[in-house]
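Working notes, beginning with the structure itself.
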Amino acid sequence: MQQHGRFITLEGGEGAGKSTQAQRLAAHLAQRGLPVLLTREPGGAPGAEAMRRLLLGGAGLDPMAEALLVFAARRDHLVSTIRPALAAGMWVICDRFTDSTRAYQGYGQGVPAAAIEALAGIALEGQGPALTLVLDLPVEIGMARARRRGVAADRYERLDAAFHQRIRDGFRAIAAAEPGRCAMVDATPGVEDVAARIAALVDRRLP
Ligand code: Z5A
């Protein structure tokens with residue numbers, strides 16, 4: 001697969017600040033004179049956005065059905081948005097990607113890791129991020145931040161603290177298993193502080 005741009009993902013639990021920091025990073029890279037595409041999952045392409053509505057709308061899917069649907073959305077996002085942007089030399093910043101499936105459907109809901117990796121192999125054909133920033137913070141702080149955001153809680157946000165602790169532990173395990181791709185970022189400081197740390201980290205890893 002020919003790829004000229006760079007692919008960066010942001011991951012983490014509720015209220016970790018992924019959307020905020022994805023925008024900050026996009027602005028930082030633009031200041032470096034780089035062409036940037038900011039996107040998100042589930043979604044990022046018309047078909048994938050339709051699947052997002054199904055996923056977050058509380059259709060009551062079983063966890064494996066949910067995993068199949070997120071990978072269908074991811075495949076559409078990859079083919080319609082991410083690949084063309086990378087081929088055009090853009091730096092793609094994506095708010096959530098496959099690690100969210102590992103964390104939410106795997107660690108959170110018990111879908112076997114082997115099934116998730118098999119689906120990833122089929123959907124992504126070996127393509128994935130060069131760098132993943134895992135924003136880490138205590139569950140109570142993240143939930144409080146998500147509540148302050150003022151939008152109605154989606155179905156994951158309504159799940160209990162034990163579920164969100166499994167998600168946090170899952171993201172930490174993923175980052176520890178792949179230190180070459182993943183970098184843990186302490187998300188407890190203020191927005192400016194976290195943004196500065198991420199900018200420095202990205203400049204160092206992807207000069
Ligand atoms: N999901 C899945 O199950 N499987 C998958 O494969 C994928 C996703 C890809 C998507 O929800 C849901 O889909 C998600 C997992 C599931 N579960 N949930 N819920 P979404 O896209 O609607 O939302 P989200 O990704 O969960 O967003 P979030 O976690 O709620 O927020 P965030 O992007 O991490 O944070 P934010 O919006 O940037 O900030 C939240 C608030 O905190 C906001 O008011 C900020 O101003 C404030 N904030 C941000 N940073 C700071 C700092 N540093 N200090 C203080 N306050 C801050």
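Just so you know, these numbers come straight off a predicted model, no measurement behind them. Whatever order the structure lists them in is the order used to number ligands and atoms, beginning at 1. Keep in mind that the numbers below use all heavy atoms, side chains included, and drop hydrogens, waters and symmetry copies.
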Is the shortest side-chain N to carboxylate O distance from Glu14 to Arg147 below 4.0 Å?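 No, this pair does not count.
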Salt bridge flag under 4.0 Å for residues Glu125 and Arg83: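 Here Glu125 pairs with Arg83 in a salt bridge, since their nearest N and O are under 4.0 Å apart.
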Under 4.0 Å, counting heavy atoms only: does [X] come that close to any atom of ligand 1?
X: Arg148; answer: no
X: Glu66; answer: no
X: Gly13; answer: yes

Between [Y] and [X], is there a side-chain heavy-atom distance shorter than 4.5 Å?
X: Leu68; Y: Leu61; result: no
X: Val111; Y: Glu66; result: no
X: Leu25; Y: Leu133; result: yes
X: Ser100; Y: Phe171; result: yes
X: Gln21; Y: Leu10; result: yes

Taking non-hydrogen atoms only, is [X] closer than 4.0 angstrom to ligand 1 via side chain, backbone, both or neither?
X: Arg74; result: side chain
X: Gln105; result: side chain
X: Arg96; result: side chain
X: Leu56; result: side chain
X: Val70; result: side chain

Tell me which one of [options] gets a heavy atom nearest to [atom].
atom: atom 33 (O) of ligand 1; options: Pro189, Ala73, Ser19, Ala144; result: Ser19
atom: atom 20 (P) of ligand 1; options: Arg24, Gln21, Arg52; result: Arg52
atom: atom 8 (C) of ligand 1; options: Gly142, Gly15, Pro42, Ala146; result: Pro42

Verdict with supporting geometry, Asp169 and Arg172, salt bridge (Lys or Arg N to Asp or Glu O under 4.0 Å): CA-CA 5 Å; Asp169 294 343; Arg172 291 164 79 111; 5.2 Å; no
For Ala16, atoms of ligand 1 separated by under 4.0 Å from a heavy atom: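 Once the distances to Ala16 are compared, the set is 34 (O).
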For ligand 1, which atoms sit closer than 4.0 Å to a heavy atom of Val191?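 Once the distances to Val191 are compared, the set is 50 (N), 51 (C), 52 (C), 53 (N).
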